[in-house]
> 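I have a structure here, written as structure tokens, and I will follow up with some questions on it.
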Amino acid sequence: MGDYGPEKRETFSEGFHILHNPWACVPIAEGVFPGFTEHRLRDDGLVLTTTSRPDYFTSHTLVFHAPDARARARDYAERYQAAVTG
């Protein structure tokens, strides 16, 4: 229930964050998910967040800038997953 009293209920879209893939073959149009918090990567490398209410969270993102960035990112993700799943 969080900060809600017994008379109020959290909606499905509250607390839901959509991270748009800037390289998607079929990108999702803006506004398709009303009430959801959306994050899009801008051309200048910053993230644009749109929301209808304050909704906070934290995230850590690694950006690889190298000719072999995709392979390095995949290797990093595989090593991370192996460490987490043990």
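In what follows, residues are counted from 1 in the order of the sequence shown. Note: hydrogens, waters and symmetry copies are ignored here, and every other heavy atom, side chains too, is used.
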> Do the ring planes of Tyr80 and Tyr76 sit parallel (below 30°), tilted (30 to 60°) or perpendicular (above 60°)?
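Because their plane-to-plane angle is under 30°, the rings of Tyr80 and Tyr76 count as parallel.
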> Report whether Leu48 and Leu19 are members of the same hydrophobic cluster (ILVMFWY, side-chain heavy atoms less than 4.5 Å apart, transitive linking).
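Each belongs to a different hydrophobic cluster.
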> Indicate if Trp23 and Val47 have the same hydrophobic cluster label, given that clusters are the connected sets of ILVMFWY residues with side-chain heavy-atom separations under 4.5 angstrom.
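Yes, Trp23 connects to Val47 through the hydrophobic network.
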> Identify whether Phe16 and Phe33 are in the same connected component of the hydrophobic contact network (ILVMFWY, side-chain heavy atoms under 4.5 Å).
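In one cluster: yes.
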> Are more than 12 heavy atoms, taken from residues, nucleotides or ligands other than Asp44, located less than 6.0 Å from that residue's CG atom?
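Yes, CG of Asp44 has more than 12 neighbouring heavy atoms, counting only those of other groups under 6.0 Å.
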> According to a hydrophobic-cluster definition based on side-chain heavy atoms being under 4.5 Å apart (Ile, Leu, Val, Met, Phe, Trp, Tyr only), do Val32 and Ile18 belong together?
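Linked within one cluster.
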> Please report the closest heavy-atom contact between Arg40 and His20, naming both atoms and the distance.
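Smallest heavy-atom distance, with atoms named: NH2-CE1, 3.2 Å.
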